[in-house]
Amino acid sequence: MSEPDERSLKERTRFDPAEVEPRISDAWLQSGLFHPEADGDPAENYSIAFPPPNVTGDLHMGHALQASTQDTLIRYHRMLGQRTKFILGTDHAGIGTQMQVEKQLAREGTSRQEIGREAFLERIWAWKELHGSNIVDQLKRLGASFDYAEERFTLDEGYAAAVVAVFVALFDRGLIYRDNYMVNWDPGSRSAISDLEVEEREVTDTLFSIAYPLADGDGELVVATVRPETMLADTALAVHPDDERYARLVGREVILPLVGRRLVVIADEYVKPEFGTGALKITPGHDPNDFEIGRRHGLDELSVIGEDGRMTEAAGPRFAGLSVPDARAAVVAALDEEGVLRASDPYTHVVPFSHRSGERIEPLISLQWFMRMDELARPATDVVIDGRVRFHPERWGRVYRDWMDNIRPWCISRQLWWGHRLPVYYCDACEETYVSATAPERCGVCDGPLRQDEDVLDTWFSSALWPFATIGWPDQTPELRAFYPTDVLVTGRDIIFLWVARMIMMGIEFCGTQPFSDVYITSIIQAPDGRRMSKSLGTGIDPVEEIDRHGADAVRFGMLAMSSTQDVRYSAEKVAQGQGLANKLFNASRFVLLSIDPDATPHARPAAIEDRWILSRLARIQADVTRRLEEFDFAHAALGLYDFVYGELCDWYLELVKARLAGDGDVEDRVAVSSTLLFVLRETLALAHPMIPFVTEEVWSYVRRPGEGLLAGERFPVADESRLDPVAEAELEWAISATQAVRGWRDEVGIKPKVVMPVRIAVDGHAEVIGLLARMARLSLVGESAQTGPAAPGVASVAVPGGTVEVLAGEGVDLGAHAERLAKRRAALEAEIAGVRRKLDNAAFVAKAPAAVVAAVREKLAALEAELEAL
RNA sequence: GGGCGGUUAGCUCAGCUGGUCAGAGCGCCUGCCUUACAAGCAGGAGGUCCCCGGUUCGAGCCCGGGACCGCCCACCA
């Protein structure tokens with residue numbers, strides 16, 4: 001732990017995050033506050049499982065945003081006195097990580113196949129060791145109060161056991177099965193991927209029209225395709241059953257060009273008669289739709305494209321070995337040669353690409369493991385319908401339900417090496433299959449040797465267990481009992497299906513209850529120009545650099561202030577605003593600490609109206625921030641705090657009490673106002689702490705009382721409604737408006753700031769705050785000016801709410817531009833009065849609008865007229 | 001092809017169930033080194049609230065239509 005700043009508070013005129021943060025961070029980590037006792041039950045405890053970042057990843061803006069919001073919640077609840085656990089860990093991120101290391105191997109001129117599975121995995125583990133702790137350190141810098149003592153990794157031993165247990169259980173329930181089925185084959189990663197890892201992109205292809213001659217020589221059938229190379233695997237042609245043009249052809253045969261195979265013409269509802277020629281070639285082996293049609297009609301499933309994205313032997317000697325694009329060109333050339341190419345037209349459509357590798361998906365029939373989802377989806381949909389799980393904003397709940405209602409089987413096997421290997425064992429001798437948590441020694445039937453399935457599970461399969469596998473499941477650990485289910489899940493909308501939905505399904509299935517009760521969907525942060533924030537586009541902004549530049553509190557505040565129910569552009573200004581707030585709070589604290597009476601104790605001891613006012617305002621902002629946090633409305637919580645600190649505490653209250661603190665009043669009052677000030681400061685620090693923990697913790701060390709610990713472990717302030725004081729608020733509101741009116745007048749007229757203007761004040765009431773007005777607007781009250789009622793006009797009248805301030809002749813009072821300002825104001829008033837009159841002249845308005853509204857308008861008119869009169 | 005979100009000050013965004021709702025931060029202009037903060041303080045300028053209709057005494061706010069931007073889902077070769 002580094003030493004506290006030795007300089008006196010007086011010298012520290014600026015909050016210095018670089019000096020403070022490491023010190024505070026160490027203190028937190030050593031305090032044990034972040035590591036809760038595994039005691040009590042989930043209802044009284046509070047926990048959040050942070051979405052596990054990729055193990056080799058770096059902190060990006062999305063993490064910074066999500067960590068800021070979650071840590072704000074975590075710190076808030078910890079300060080409410082709950083046992084609070086913020087679960088941290090990283091994800092092995094199957095394809096992503098494996099591809100990074102494969103790239104590295106490629107640069108070294110080798111490949112994973114060359115070095116073999118074992119050596120490859122060693123390389124990845126080494127890579128993980130090298131890059132793995134990055135993000136955890138970065139999260140620490142942000143001040144995120146994770147339970148760092150219990151960091152998890154999805155490939156840890158215990159976690160792996162949970163994965164296997166889940167697989168076996170689901171297999172035993174018949175939900176996991178192996179099947180030869182059409183999958184999205186990603187030639188880039190050489191693996192099947194799930195539907196969710198596919199993204200549609202618009203491309204312009206060529207639509208080729210190819211003539212298939214009838215076997216009996218009686219004409220031809222022309223079909224359109226963008227993938228002529230797949231025709232080598234055609235097993236039928238199809239037309240719509242109601243299509244009269246082709247009715248006579250159904251059941252007859254055509255000759256497949258280039259190959260010579262005879263194909264039957266079938267009728268299927270799927271075919272759209274109006275598209276192209278209304279005839280469709282059917283390639284069950286290489287097109288998802290054709291696959292479905294083929295299964296309906298019992299067609300052969302041929303394959304001519306291999307898993308390497310090249311044509312196989314089955315494509316014939318002429319095309320075997322060619323890449324798909326090359327094969328396409330060759331097939332087209334051959335068709336042309338054969339005289340069956342009828343047309344080629346540009347055609348723009350959307351086609352699937354791998355989200356991971358970026359390569360075009362090659363639909364293939366492949367032997368893979370699948371998981372049936374419908375049965376698990378039902379209860380997982382119910383919990384959202386009946387509100388046991390609530391989405392924020394709500395609309396995402398509907399998106400979730402739509403997807404769940406149409407859920408399809410999930411292809412869970414991946415032809416990768418980095419991940420959880422399937423707990424499946426085959427006996428080659430007798431073709432037995434064993435699914436077991438512990439590897440069986442030998443085949444139970446023929447006693448032959450067993451071989452484990454080579455594949456690993458989709459990363460999201462293990463991620464789906466995150467909320468419970470991280471805290472001990474399948475063992476009934478104290479942690480699991482204390483912290484499952486968790487409370488809130490905070491994540492981006494891009495993984496609602498990939499992750500959120502699956503967690504809910506698995507949580508209900510294996511723990512009997514939903515894994516969290518609220519899902520807060522964060523904004524996606526875009527680059528300032530509105531583009532995606534990404535390293536490759538050069539639009540990325542590094543949160544760590546922002547922390548270096550502005551401080552962690554600033555970044556946290558900025559993130560919270562930016563957070564929204566819609567996507568937002570990164571706003572450096574919001575971060576700067578947060579930096580301003582941290583510095584402001586720090587300096588206000590310095591002022592308080594360096595100015596208060598040594599006998600002060602932190603208690604509300606209102607001795608003047610402004611004391612009652614700030615206590616009232618404090619109670620309001622406390623209630624407001626609390627409500628905002630409960631509603632996941634972080635932007636308003638942060639900005640509301642900002643407004644309170646700047647606009648009420650610093651701009652007005654501190655200024656108002658300076659004279660009293662300076663000691664020109666009586667000692668009693670000085671102690672009283674000092675006490676109130678100290679109280680307000682401490683409450684404000686605690687209120688702000690969940691959002692901006694560093695600066696508040698630092699200042700706390702100066703105001704901490706004996707027996708109190710770190711602010712992170714103290715109580716969050718509860719709004720004291722008995723302190724609400726509408727009278728004080730109204731009076732101060734008047735004083736502030738009047739002050740602003742006079743200041744505005746002074747500035748425009750050109751009265752020097754230092755000049756104290758002699759005035760008489762002609763207003764009714766407000767006696768208690770006229771002294772404040774005088775102080776803040778630099779006025780000296782002459783004669784009976786503090787009395788109520790109209791006073792004799794001075795050399796100029798300044799309108800304030802409910803009356804005027806009559807400026808008297810005096811040193812430095814040079815009216816300068818007063819006449820001009822007066823005329824301007826008069827014109828504005830007249831225009832406004834005309835508007836209000838028009839409204840009141842409208843009989844319908846007076847008749848139909850609520851009486852209170854009409855009265856308010858009348859009052860406004862009277863006030864405007866009074867002001868005009870005074871001028 | 002369905003669905004969702006957005007369009008408010010030069011920029012980034014707030015504006016709850018329709019009546020001080022036309023706001024904030026930044027930027028800009030003016031004046032102040034006022035004994036917490038000059039990365040500060042005080043004051044100020046700046047908006048046909050995307051367009052067209054409608055409902056209403058009254059509409060950024062409700063309804064209908066349209067334009068543009070963005071996102072999600074989807075098996076038309």
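What you see is a predicted model; the values in this text were computed from it and never measured. In what follows, chains carry the letters A, B, and so on, assigned in the order in which the sequence lines appear, proteins first and then strands, with residues in each chain numbered from 1. Side chains are part of it too, since the values below use all heavy atoms of this structure and drop only hydrogens, waters and symmetry mates.
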Chemist: B:A45 and B:U56: how far apart are their C1' atoms, nearest whole angstrom?
Modeler: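 About 35 Å, rounded to a whole number of Å.
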Chemist: Check the surroundings of atom OH in A:Tyr646: do more than 12 heavy atoms from other residues, nucleotides or ligands lie under 6.0 Å from it?
Modeler: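 Yes - once you tally the heavy atoms of other residues, nucleotides and ligands closer than 6.0 Å, there are more than 12.
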Chemist: In the strands shown, is B:A24 matched to any nucleotide by a Watson-Crick or G-U wobble pair with both distances under 3.5 Å, and which?
Modeler: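 Pairing partner: B:U12.
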Chemist: Tell which nucleotide pairs with B:G60, taking only Watson-Crick or G-U wobble pairs whose two distances are both under 3.5 angstrom.
Modeler: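 B:G60 is paired with nothing.
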Chemist: On RNA chain B, does the nearest nucleotide to A:Leu280 precede the nearest nucleotide to A:Arg532 from the 5' side, or the other way round? Give the residue.
Modeler: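 Result: A:Arg532.
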Chemist: If only side-chain N and O atoms of A:Lys272 are considered, is one of them under 4.0 Å from the OP1 or OP2 phosphate oxygen of B:C76?
Modeler: no
Chemist: Return the value, rounded to whole Å, for the distance between atom CD1 of A:Ile407 and atom P of B:C73.
Modeler: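 After rounding, the gap between these two atoms is 13 Å.
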Chemist: Taking only N and O in the side chain of A:His636, is any of them less than 4.0 Å away from OP1 or OP2 of B:A14?
Modeler: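 So the side chain of A:His636 is outside the cut-off, no N or O lying under 4.0 Å from OP1 or OP2 of B:A14.
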Chemist: What is the distance from CD1 of A:Ile282 to P of B:C76, rounded to the nearest Å?
Modeler: 15 Å
Chemist: Can you tell me how far P of B:A77 sits from CG of A:Asp243, to the nearest Å?
Modeler: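 Between P of B:A77 and CG of A:Asp243: 18 Å.
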Chemist: Within a reach of under 6.0 Å around CD of A:Glu274, are more than 12 heavy atoms found that belong to other residues, nucleotides or ligands?
Modeler: yes
Chemist: Could you tell me whether A:Val226 contacts a base, only the sugar-phosphate backbone, or nothing, with contacts defined as non-hydrogen atoms closer than 4.0 Å?
Modeler: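 Sugar-phosphate, no base atom in range.
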Chemist: Round to a whole Å and report the spacing from CH2 of A:Trp403 to P of B:C73.
Modeler: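 One finds 10 Å between P of B:C73 and CH2 of A:Trp403, rounded.
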Chemist: Just how far, in rounded Å, is P of B:C75 from OH of A:Tyr181?
Modeler: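 My rounded result for the distance is 12 Å.
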Chemist: Which letter, B, S or -, goes with each nucleotide of nucleotides 27-42 of chain B from 5' to 3', with contact meaning a protein heavy atom under 4.0 Å?
Modeler: ---B-----BB-BSSS
Chemist: Using the C1' atoms only, state how far B:U34 lies from B:A24, rounded to an integer number of Å.
Modeler: 26 Å
Chemist: Between B:C41 and B:G5, how far is it from one C1' atom to the other, in whole Å?
Modeler: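 41 Å, rounded to whole Å.
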Chemist: Should B:G27 be called syn or anti, with syn set as within 90° of 0?
Modeler: anti
Chemist: Using the P atom in both, what is the distance from B:C68 to B:C51, to the nearest Å?
Modeler: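 Comparing P positions in B:C68 and B:C51 gives a spacing of 16 Å.
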Chemist: Is A:Arg401 close enough to B:G3 that one of its side-chain N or O atoms is under 4.0 Å from OP1 or OP2 there?
Modeler: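 For B:G3, neither OP1 nor OP2 has a side-chain N or O of A:Arg401 closer than 4.0 Å.
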Chemist: For B:U55, what is the paired nucleotide under Watson-Crick or G-U wobble rules, both distances under 3.5 Å?
Modeler: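 B:U55 is paired with nothing.
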Chemist: Should B:G47 form a Watson-Crick or G-U wobble pair with both distances under 3.5 Å, which nucleotide is its partner?
Modeler: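 The answer is none; no pair meets the criterion.
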Chemist: Specify the separation, in whole Å, of atom CG of A:Asp633 and atom C1' of B:A14.
Modeler: 10 Å
Chemist: Over how many whole Å does the gap from A:Asp287 atom CG to B:C75 atom C1' extend?
Modeler: 8 Å
Chemist: Within the structure shown, what part of the strands sits under 4.0 Å from A:Arg493 by heavy-atom distance: base, sugar-phosphate, or nothing?
Modeler: sugar-phosphate
Chemist: Provide the distance between the two P atoms, one in B:G40 and one in B:C4, to the nearest whole Å.
Modeler: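 It works out to 45 Å between them.
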Chemist: What is the pairing partner of B:C68, taking Watson-Crick or G-U wobble pairs with both distances under 3.5 Å in any strand?
Modeler: B:G6
Chemist: Provide the distance between the two P atoms, one in B:G70 and one in B:U12, to the nearest whole Å.
Modeler: 15 Å
Chemist: Closer to the 5' end of RNA chain B via nearest nucleotide, is it A:Leu639 or A:Asp195?
Modeler: A:Leu639
Chemist: Which value, in whole Å, describes the distance between the C1' atoms of nucleotides B:C69 and B:C57?
Modeler: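 Taking atom C1' in both B:C69 and B:C57, they lie 37 Å apart.
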Chemist: Roughly how many Å is it from CZ in A:Arg227 to P in B:C75, rounded to a whole number?
Modeler: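 After rounding, the reported distance stands at 17 Å.
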Chemist: Which one, B:G6, B:C13, B:G25, comes nearest to the side chain of A:Gln566?
Modeler: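 In terms of side-chain proximity for A:Gln566, the closest of B:G6, B:C13, B:G25 is B:G6.
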Chemist: For B:G40, which nucleotide is its Watson-Crick or G-U wobble mate, given both distances must be under 3.5 Å?
Modeler: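 Matched B:G40 with B:C32 under the 3.5 Å cut-off.
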Chemist: Is the backbone N or O of A:Phe586 less than 3.5 Å from a side-chain atom of A:Arg12, with the two atoms forming a donor-acceptor pair by type?
Modeler: no
Chemist: Could you tell me whether A:Tyr347 contacts a base, only the sugar-phosphate backbone, or nothing, with contacts defined as non-hydrogen atoms closer than 4.0 Å?
Modeler: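 Sugar-phosphate, backbone atoms only, no base.
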Chemist: Counting only Watson-Crick pairs (N1-N3 plus N6-O4 or O6-N4) and G-U wobbles (N1-O2, O6-N3), all under 3.5 Å, who is the partner of B:A74?
Modeler: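 Partner of B:A74: none found under 3.5 Å.
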Chemist: For A:Ser595 and A:Lys658, does a side-chain donor sit closer than 3.5 Å to a side-chain acceptor?
Modeler: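 Checked: A:Ser595/A:Lys658 side chains show no N/O donor-acceptor pair below 3.5 Å.
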Chemist: Among the candidates B:A77, B:A74, B:G6, find the nucleotide nearest to the side-chain atoms of A:Thr225.
Modeler: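 Out of B:A77, B:A74, B:G6, the nucleotide with an atom closest to A:Thr225's side chain is B:A77.
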Chemist: Step by step, work out the side-chain contact (heavy atoms from CB on, under 4.5 Å) result for A:Arg328 and A:Arg227.
Modeler: CA-CA 7 Å; A:Arg328 180 174 307 169; A:Arg227 303 208 52 193; 3.8 Å; yes
Chemist: Please name the residue in the list A:Leu681, A:Leu661, A:Ile596 that meets the side chain to side chain contact (heavy atoms under 4.5 Å, CB included) test with A:Phe591.
Modeler: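 One option only clears the test, and that one is A:Leu661.
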Chemist: Please check if the number of heavy atoms outside A:Arg532 that lie under 6.0 Å from its CZ is greater than 12.
Modeler: no
Chemist: Check the phosphate of B:C4 against A:Arg395, side-chain N and O only, distance under 4.0 Å to OP1 or OP2. Yes or no?
Modeler: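 A:Arg395 to B:C4 OP1/OP2: no side-chain N or O under 4.0 Å.
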Chemist: Can A:Ser523 and A:Ser563 be counted as having a side-chain donor-acceptor contact under 3.5 angstrom?
Modeler: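 Judged by distance alone, the side chains do not pair up.
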Chemist: Say whether A:Ser194 and A:Glu197, considering side chains only, have a donor N or O and an acceptor N or O under 3.5 Å apart.
Modeler: yes
Chemist: So what does A:Tyr270 hit on the nucleic acid, given a heavy-atom distance under 4.0 Å: a base, only sugar-phosphate, or nothing?
Modeler: base
Chemist: In whole Å, what separates the P atom of B:G25 from that of B:A14?
Modeler: 16 Å
Chemist: In this structure, are over 12 heavy atoms from other groups packed under 6.0 Å from A:Lys272 atom NZ?
Modeler: yes
